[in-house]
Peer 1: 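Mind having a look at this structure? Questions to follow.
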Amino acid sequence: MDGNYELEKRKYVIGGAATVIIIVYLLRLFTLQLLSEDFKISADSNAFLKRIQYPARGSISDRNGKLLVYNQPAYDVMVIMNEQVGVDTLDLCESLDITRDWYEQRMTEIKDVKRNPGYSNYTQQLFMSQLSTEEFSRFQEKLFRFPGFYIQKRSIRQYNYPYAAHLLGDVGEVGPEDIENAPDHYYRSGDYIGKLGVERSYEALLRGEKGMEILLRDARGRIKGRYQKGKFDEAPIPGRNLTMSIDLDLQALGERLMKGKLGSIVAIEPSTGEVLCMVSSPTYDPRLMVGRQRGKSQKMLAQDARKPLLNRAIMGQYPPGSTFKTSQALTFLQEGIITPSTSFPCSRGFHYRGLTVGCHGHGSPLPLVPSIATSCNGYFCWGLYYMFGNRKKYPSVQDAMTTWKDYMVSMGFGYKLGIDLPGEKRGMIPNAPYYDKAYRNDWSGLTVISISIGQGEVNLTPLQIANLGATIANRGWYIIPHVVKKVQGMPIDTLYTKKHYTKVDRKYYETVVAGMRQAVLGGTCRLANTSMYEVCGKTGTAQNPHGQDHSVFMGFAPRENPKIAICIYVENGGWGATYGVPIGALMMEQYINGKLSEASEARATHFENKHLYTPVEYSLNSPSEKDEKQQDQ
Amino acid sequence: MWKSIDWLTIFIYLVLLALGWMSVCGACYDFDQTAGILDFSTRSGMQIVWIDTSLLLAFLILMTDDRIFESLSYIIYIGFLALLFVTPFIAHDIKGSLSWIKIGSFSVQPAEFAKFGVALCLAKVMSTYGFDVRKLKDFIICAILIAVPMGLIVMQKETGSALVYSAFFLMLYREGMPGCLLFTAISAVAYFVIGIRYAEVPLWGMEQMSLGHALVMLLIQVFTTGLIKVYGGEKKNCWSRVLLFSLLVDACAILFAKYIHPCNAVWAMVAACGFTTVYLLYLSLRDRALPYLLIALFTLGSMGFFYSADFVLNKVMEPHQQTRIRVLLGLEDDPRGAGYNVIQAKIAIGSGGLEGKGFLNGTQTKLKYVPEQDTDFIFCTVGEEEGFIGCAVVLLLFLSLILRLLHLAERQPYTYGRVYGYCVLSIFLFHVFINVGMVLGLTPVIGIPLPFFSYGGSSLWGFTILLFVFLRIDAGRNRFQR
């Protein structure tokens with residue numbers, strides 16, 4: 001051996017170095033592969049293009065099967081940047097009816113990775129959204145001249161009739177708060193969501209479930225087939241079709257009759273709680289809220305002083321006026337304050353200790369039934385006075401008030417009824433603490449006497465008034481009103497099949513029904529009388545400190561086995577008999593007979609043209625169509 | 001002869017070949033590919049051809065007389081030099097590289113084979129009587145023998161392949177080249193790579209201080225004290241004093257900058273090094289001890305080298321040259337720029353987890369996110385499809401191969417065999433070190449293949465020849481003893 005021993009020891013240095021290198025690499029591999037999930041996520045987001053497959057949204061029809069809302073194809077123009085070379089821009093702009101500037105601006109936007117994070121030269125990018133069928137067919141013919149441009153089909157909502165905008169609602173792009181608040185992170189930017197009406201309240205059922213197609217994408221953004229031959233793909237679940245409880249003909253008539261008036265009509269089938277029509281006036285054509293014009297329509301309607309977007313039937317909170325007297329009669333009877341034969345005096349009103357609540361001229365004293373029929377204010381003021389002053393039954397006025405409030409709440413007042421529409425208001429039923437605070441504990445039945453005739457602090461929504469009618473029609477119970485009768489493939493929520501009983505016995509209801517029948521036969525509602533069926537009704541003339549009284553009618557028909565209970569509320573309409581009663585009569589005839597008689601038809605036309613203000617037809621003016629397109633993009 | 005062949009090495013070789021082929025399959029497979037993995041129109045099919053021919057080549061080498069290699073050493077070396085010289089003139093340009101010669105429908109890269117010639121020649125030269133690397137003249141001869149082919153390959157614009165030849169210095173170290181030379185060279189590379197790599201990274205959130213510079217200063221301090229401990233003679237006990245002093249100064253300066261007054265504490269670290277130098281100079285004068293002078297020179301030289309390199313890179317070089325060096329160090333962090341490869345490689349490996357995604361199931365590699373995924377970045381496929389277990393198996397196989405070769409080299413009765421053996425193992429070590437390191441983001445990105453894994457006939461044949469010539473020499477080791 002010529003090498004010395006010292007040098008041979010260097011083999012340990014070399015072998016050691018090799019070993020150290022490998023150990024360091026193994027440690028590095030350990031940290032890369034086993035300690036962090038980040039790389040796995042990065043690799044998946046690199047390679048997997050999760051393409052969402054949108055389910056078809058459920059259609060909506062009325063109770064008789066008339067299709068109200070359906071899906072219509074719309075067409076998006078897509079572009080693949082690195083294929084769209086040599087396109088005649090001028091020709092393209094002309095075919096799509098856009099300006100050159102808009103084209104340039106749009107192209108820059110698409111390429112801006114900050115605003116369009118999913119940008120790739122090799123994949124389809126949205127160029128222009130929601131072409132109408134005509135625009136599409138015009139563009140389709142020339143499409144071969146524009147390489148790199150493609151058409152992608154998607155669907156938008158379309159409406160068959162110009163009615164029931166508030167009930168149906170609309171769909172629009174999800175906002176940031178929708179994305180945030182969705183429990184399962186269902187929505188992504190650009191998705192559609194129900195904004196109003198049943199489109200919103202039944203969103204989860206209507207929309208279905210999105211599917212997912214997992215595609216493999218290479219480094220240049222090209223699709224290289226489906227991952228594991230589609231083993232992990234999820235098919236979309238189509239949305240469920242809804243059948244509404246609305247009768248479209250009744251709805252249409254209601255909207256016609258309310259033209260030029262502010263207010264609401266709500267009709268309920270008493271035996272089921274199904275809402276037969278719900279009119280809020282002014283209303284608008286739901287087709288305004290479709291497609292690219294939605295944003296502009298929305299803005300126009302939101303700015304209108306008469307608030308056409310407000311669904312007055314469930315959001316308007318009004319004094320119920322004399323229609324409320326029925327609930328008072330029921331309470332007094334059940335509490336034993338009065339019997340049907342109890343009479344109270346009324347000399348053009350209630351006079352006591354210097355307090356006066358006026359009334360119109362009628363015979364005096366009157367028992368309960370004619371008091372309801374003539375809508376005597378005095379009778380119900382005395383009733384409340386005796387109830388709140390009864391110290392044998394109620395230790396204090398507060399206790400009397402609480403008992404009274406419980407009756408009201410059992411009839412569906414003071415809280416949201418729970419209708420299947422968004423935005424319902426609860427109305428107002430005062431309670432003892434409320435008055436304690438307002439009057440510093442110094443108050444009596446006399447102080448709050450006006451609540452007995454549906455004035456003062458009491459506020460109800462037209463839906464609650466209609467529900468009162470339905471409760472009386474049922475003689476003591478109601479089912480929570482709802483606008484959806486059937487959901488495809490599943491039973492309706494038990495919430496909408498359960499009977500809610502009030503605190504009043506059936507026998508007392510019969511007395512009130514008799515009073516309401518009397519009102520139609522010879523009282524305030526004579527205009528509603530007809531030989532075809534027995535109508536029961538109650539007018540209301542709600543005092544309005546800001547102007548003309550509101551005209552109210554609550555009624556149902558026929559008397560036995562009632563088919564329809566209804567509330568008409570016309571703001572500033574004056575006497576209940578002026579608008580409320582005749583409109584209510586027409587509505588009941590339409591629903592029970594399925595059509596109007598000739599004479600009624602003439603009357604309907606008369607009321608259609610009898611306006612309290614000049615009606616506005618909401619529509620978008622077309623001249624500014626072009627800049628609107630630009631804004632919407 | 002067959003009895004004295006080292007079958008263990010052949011076994012490791014065959015396992016690596018098989019694993020390598022699987023990786024090439026994984027790297028080249030396309031999800032929408034219709035041809036089978038054995039089809040010759042695919043790279044995995046072609047790799048089978050290269051493997052078969054390599055096995056034939058190995059068999060032929062084993063059948064020859066081992067003495068033939070020794071006697072032909074110079075001729076083979078000169079032949080390769082000539083080939084390397086003409087290559088740039090007859091090569092066709094592949095991505096700016098002029099190293100490929102076209103023969104028929106195949107391309108051959110002479111640089112991959114030339115290592116073999118250099119190894120033979122070095123072995124032959126160093127086994128001549130009286131040759132000693134420790135003598136300056138003999139060392140220079142070796143250096144020239146290595147430098148000439150290196151230069152020729154640089155002219156082919158294949159810097160990576162040229163750098164492989166520096167692996168021969170590891171063999172020279174074994175044969176007696178002073179360790180401090182190797183140490184100095186490695187230190188220089190470390191300063192350069194670490195200093196530049198982390199130059200822009202702020203230290204402890206302080207923008208005015210560069211982590212790279214601070215790390216280099218720390219390295220110099222540690223190396224200096226290490227040298228004192230090893231070469232310091234009787235006075236070597238002062239190493240702990242020097243280290244303590246340096247670290248104290250570093251810590252105080254950094255804490256001062258962090259909490260009291262923001263300043264560049266690196267200058268304090270430089271000052272600490274300077275003070276150490278002065279102290280060492282004083283010791284060498286007082287004790288008339290040469291090692292202290294040399295250590296002081298090392299410390300001073302280290303600082304000088306680092307700052308001049310930094311200056312040259314940032315002030316003298318053109319921007320595009322700077323970029324090239326930064327790319328080489330994996331410094332460009334723009335995801336679509338030069339750092340892209342390294343990032344995607346890390347993602348590929350990291351996403352493999354413990355067991356990997358399974359054979360042909362890797363998405364990073366198959367969807368072309370990792371560039372060069374079947375050649376330089378093939379280790380990504382192993383990481384992605386076979387996971388940590390697969391990677392560990394492959395790395396441990398390479399380690400066993402290198403350690404086995406070390407053992408075989410040491411058992412050679414003659415310098416010729418030993419030198420050649422060390423050449424082979426150094427080359428394997430260098431390739432594995434750089435290739436796997438760059439995929440893991442630890443070493444600069446230098447485009448050299450992973451032995452037996454990267455796709456291509458030239459590299460596979462080159463490594464096979466290197467290895468089997470050594471096995472043939474090893475098989476003949478007992479000839480004269482019997």
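In this text the structure is predicted, and so the values were computed from the model without any measurement.
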Peer 1: Find out whether the Lys NZ or Arg CZ of A/R10 is both under 6.0 angstrom from the six-membered ring centre of B/Y173 and within 45° of the ring's axis.
Peer 2: yes
Peer 1: Under 4.5 Å, counting heavy-atom pairs only, tell me which of B/L440, B/L395, B/L406 racks up the most with chain A.
Peer 2: B/L440
Peer 1: Relative to chain A, which segment of B/M171 carries a heavy atom at a distance below 4.5 Å: side chain, backbone, both, or neither?
Peer 2: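 For B/M171, there is no contact with chain A at all, as no heavy atom is under 4.5 Å.
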Peer 1: Which bit of A/I21 comes within less than 4.5 Å of chain B, counting heavy atoms only: side chain, backbone, both or neither?
Peer 2: side chain
Peer 1: Which one of B/L170, B/L425, B/I402, B/D132 has the most heavy-atom pairs closer than 4.5 Å to chain A?
Peer 2: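 Of the candidates given, the most pairs with chain A belong to B/L170.
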Peer 1: Identify which one of B/Q344, B/E384, B/K346 satisfies the side chain to side chain donor-acceptor pair (under 3.5 Å) criterion when paired with B/Q364.
Peer 2: B/Q344
Peer 1: Run through B/F470, B/F452, B/F433 and flag the one making a ring pair (Phe, Tyr, Trp, His ring centres under 6.0 Å) with B/F428.
Peer 2: B/F452
Peer 1: Let's test your reading of the structure: which of B/F388, B/F398, B/Y422 forms the most heavy-atom pairs below 4.5 Å with chain A?
Peer 2: B/F388
Peer 1: Side chain, backbone, both or neither: which part of B/L429 has a non-hydrogen atom closer than 4.5 Å to chain A?
Peer 2: side chain
Peer 1: Which distance, rounded to the nearest 0.5 Å, do you find between the OG1 of A/T99 and the CD of A/E104?
Peer 2: 9.5 Å
Peer 1: Taking the six-membered ring of A/Y186, is the NZ or CZ of A/R207 close enough (under 6.0 Å from the centre) and on axis enough (within 45°)?
Peer 2: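 Yes, a cation-pi geometry.
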Peer 1: Got B/F379 and B/V394 here, is their nearest side-chain heavy-atom distance under 4.5 Å?
Peer 2: yes
Peer 1: Under 4.5 Å heavy-atom distance to chain A, tell me which part of B/L403 shows up: side chain, backbone, both or neither.
Peer 2: side chain
Peer 1: May I ask you to name which of A/T19, A/L29, A/V13 has the most heavy-atom pairs under 4.5 Å with chain B?
Peer 2: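 Most heavy-atom pairs under 4.5 Å with chain B: A/L29.
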